[in-house]
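Structure first, then comments.
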Protein chains: 2
Amino acid sequence: MNIGDVAVRSGLPAKTIRYYEDIGLIRPHRSANGYRCFADTDLHKLAFLARARALGFTIEDCRTLMGLYEDDSRASADVKALAQEHLGKIAEKIGDLEAMRDTLRELVECCAGDDRPECPILHGLACGDPKV
Amino acid sequence: MNIGDVAVRSGLPAKTIRYYEDIGLIRPHRSANGYRCFADTDLHKLAFLARARALGFTIEDCRTLMGLYEDDSRASADVKALAQEHLGKIAEKIGDLEAMRDTLRELVECCAGDDRPECPILHGLACGDPKV
DNA sequence: TCTTGACCTTCCAGTAGATGGAGGCTGCAA
DNA sequence: TTGCAGCCTCCATCTACTGGAAGGTCAAGA
């Protein structure tokens with residue numbers, strides 16, 4: 001398979017696939033013409049990477065996960081630990097974003113949103129408290 | 001004030017303050033010795049920036065917000081629109097992260113997490129469905 | 001007066017994870 | 001043969017900083 005085919009099948013842009021090769025996540029063979037030549041295993045790996053990335057794992061996590069996937073003597077505890085740590089980070093990010101959202105929503109709700117300059121949003125940003 | 005003082009008072013690292021000058025968000029004067037010399041208005045702006053950044057606004061949004069803040073003939077509608085758009089993006093990110101969290105949590109809950117290699121997490125990443 | 005140490009300066013490089021584009025080859029169909 | 005899609009490499013760019021090197025400045029203490 002050429003890169004265009006695996007791009008379609010894996011759902012990853014060709015650019016990204018080349019990048020993944022650059023950083024050593026995959027090692028496709030080359031045809032005589034210099035084109036990358038992807039085997040089914042490569043496609044499989046790319047799909048794995050696409051799913052792991054879609055779950056928010058970092059590239060380095062993906063590297064580790066792929067290593068574990070290919071290691072028949074792995075312990076599922078190692079995978080679970082990695083996933084749980086990531087889960088914690090996701091939860092933390094959600095918490096941060098919810099705090100932002102709540103603060104911002106409060107400011108937005110106080111704002112008339114008309115053609116006058118008075119604006120509790122700017123006021124809140126300037127003073128740290130929209131009510132003052 | 002020197003940069004160290006405004007760093008403490010604004011809560012922003014000195015490096016970040018220099019960076020904000022680099023990209024034109026602030027324009028502190030210089031003392032004869034070449035040191036940056038911050039007026040109260042500069043500190044005020046930095047605190048504004050710190051709060052806007054803490055709410056997740058991009059640097060470009062911050063630039064716009066500061067422009068609106070300094071423009072006495074602004075319409076609060078413009079500020080509100082910007083904030084609402086940002087609010088939408090935050091909500092979207094939260095949604096994405098929640099989807100990730102839910103999928104990942106499901107996988108994690110299926111995983112024994114022991115010393116055996118069988119692992120629904122890896123299986124889910126490989127196949128797109130942990131149950132298969 | 002000298003030294004020490006904290007503070008300040010600029011400049012360069014690096015981070016994550018791609019993405020965009022230039023310039024140039026390859027392959028296939030009309 | 002020509003044209004165009006697809007592939008190649010290499011370099012630059014994005015966000016928002018952050019780290020570090022090399023060196024100037026200032027104030028306090030011996």
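Just so you know, these numbers use all the heavy atoms, side chains as well, and skip hydrogens, waters and symmetry mates. Chain letters run A, B, ... following the sequence lines, proteins first, then strands; residues in each count from 1.
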Would you tell me if any nitrogen or oxygen in the side chain of Thr16(A) comes within less than 4.0 Å of OP1 or OP2 on dT19(C)?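 The answer is yes; a side-chain N or O of Thr16(A) sits under 4.0 Å from OP1 or OP2.
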Rounded to whole angstroms, how far apart are [atom1] on [X] and [atom2] on [N]?
{"X": "Met1(A)", "N": "dC7(D)", "atom1": "CE", "atom2": "C1'", "answer": "16 Å"}
{"X": "Ile23(B)", "N": "dC17(D)", "atom1": "CD1", "atom2": "P", "answer": "8 Å"}
{"X": "Tyr19(B)", "N": "dT15(D)", "atom1": "OH", "atom2": "C1'", "answer": "7 Å"}
{"X": "Asp22(A)", "N": "dA16(C)", "atom1": "CG", "atom2": "P", "answer": "15 Å"}
{"X": "Phe57(A)", "N": "dA18(C)", "atom1": "CZ", "atom2": "C1'", "answer": "19 Å"}
{"X": "Leu46(A)", "N": "dA18(C)", "atom1": "CG", "atom2": "P", "answer": "12 Å"}

Please answer whether the main-chain N or O of Ile23(B) pairs with a side-chain N or O of Arg63(B) as donor and acceptor at a distance below 3.5 Å.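 Between the backbone of Ile23(B) and the side chain of Arg63(B) there is a qualifying donor-acceptor contact (under 3.5 Å).
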Ignoring hydrogens and geometry, is there a side-chain-to-backbone donor-acceptor pair from Asp42(A) to Ala39(A) under 3.5 Å?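 Looks like yes, one N/O pair under 3.5 Å.
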Residue pair Leu82(A), Asp78(A): steps toward the side-chain contact (heavy atoms from CB on, under 4.5 Å) verdict: CA-CA 6 Å; Leu82(A) 188 58; Asp78(A) 293 339; over 6 Å; no
Carefully, step by step, assess Gln84(A) and Leu104(B) under the rule side-chain contact (heavy atoms from CB on, under 4.5 Å). CA-CA 9 Å; Gln84(A) 273 175 327; Leu104(B) 192 55; over 6 Å; no
So if I take every side-chain heavy atom of Thr58(B) and compare against dA16(D), dG17(C), dT19(C), which nucleotide ends up nearest?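 It is dA16(D).
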If you take any heavy atom closer than 4.0 Å to DNA chain D, which residues from residues 84-95 of chain B end up in contact?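 Of all residues in residues 84-95 of chain B, none places a heavy atom under 4.0 Å from DNA chain D.
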Check: [Y] and [X] side chains under 4.5 Å, non-hydrogen atoms:
{"X": "Phe48(A)", "Y": "Leu125(B)", "value": "yes"}
{"X": "Leu55(B)", "Y": "Leu107(A)", "value": "yes"}
{"X": "Thr16(B)", "Y": "Pro13(B)", "value": "yes"}

Shared ILVMFWY cluster between Tyr35(B) and Phe38(B), side chains joined below 4.5 angstrom?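 No, Tyr35(B) does not connect to Phe38(B) through the hydrophobic network.
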Contacts under 3.5 Å, N or O only, protein and nucleotides 8-10 of chain C:
| from | atom 1 | to | atom 2 | distance (Å) |
| --- | --- | --- | --- | --- |
| dC8(C) | OP1 | Gly4(B) | N | 2.7 |
| dT9(C) | OP1 | Arg36(B) | N | 2.7 |
| dT9(C) | OP1 | Arg36(B) | NH1 | 2.8 |
| dT9(C) | OP2 | Arg18(B) | NE | 3.1 |
| dT9(C) | OP2 | Arg18(B) | NH2 | 3.2 |
| dT9(C) | OP2 | Arg36(B) | NH1 | 3.1 |
| dT9(C) | O5' | Arg36(B) | NH1 | 3.3 |
| dT9(C) | O3' | Arg30(B) | NH1 | 3.4 |
| dT10(C) | OP1 | Arg30(B) | NH1 | 3.1 |
| dT10(C) | OP1 | Arg30(B) | NH2 | 3.1 |
| dT10(C) | OP2 | Arg36(B) | NH1 | 3.2 |
| dT10(C) | OP2 | Arg36(B) | NH2 | 2.6 |

Within 6.0 Å of CD in Glu70(A), more than 12 heavy atoms from elsewhere: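 Correct, the count exceeds 12.
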Could Asp96(B) and Lys93(B) be called an ion pair, given the rule that one side-chain N must be under 4.0 Å from one carboxylate O?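 Judged by the 4.0 Å cut-off on N to carboxylate O distance, Asp96(B) and Lys93(B) do not form a salt bridge.
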Residues Glu21(B) and Arg30(B) bridged, charged N to O under 4.0 Å: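 Answer for the salt bridge query: yes.
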For residues 61-70 of chain B, which residues have at least one heavy atom under 4.0 Å from DNA chain C?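 Output list: empty, so none.
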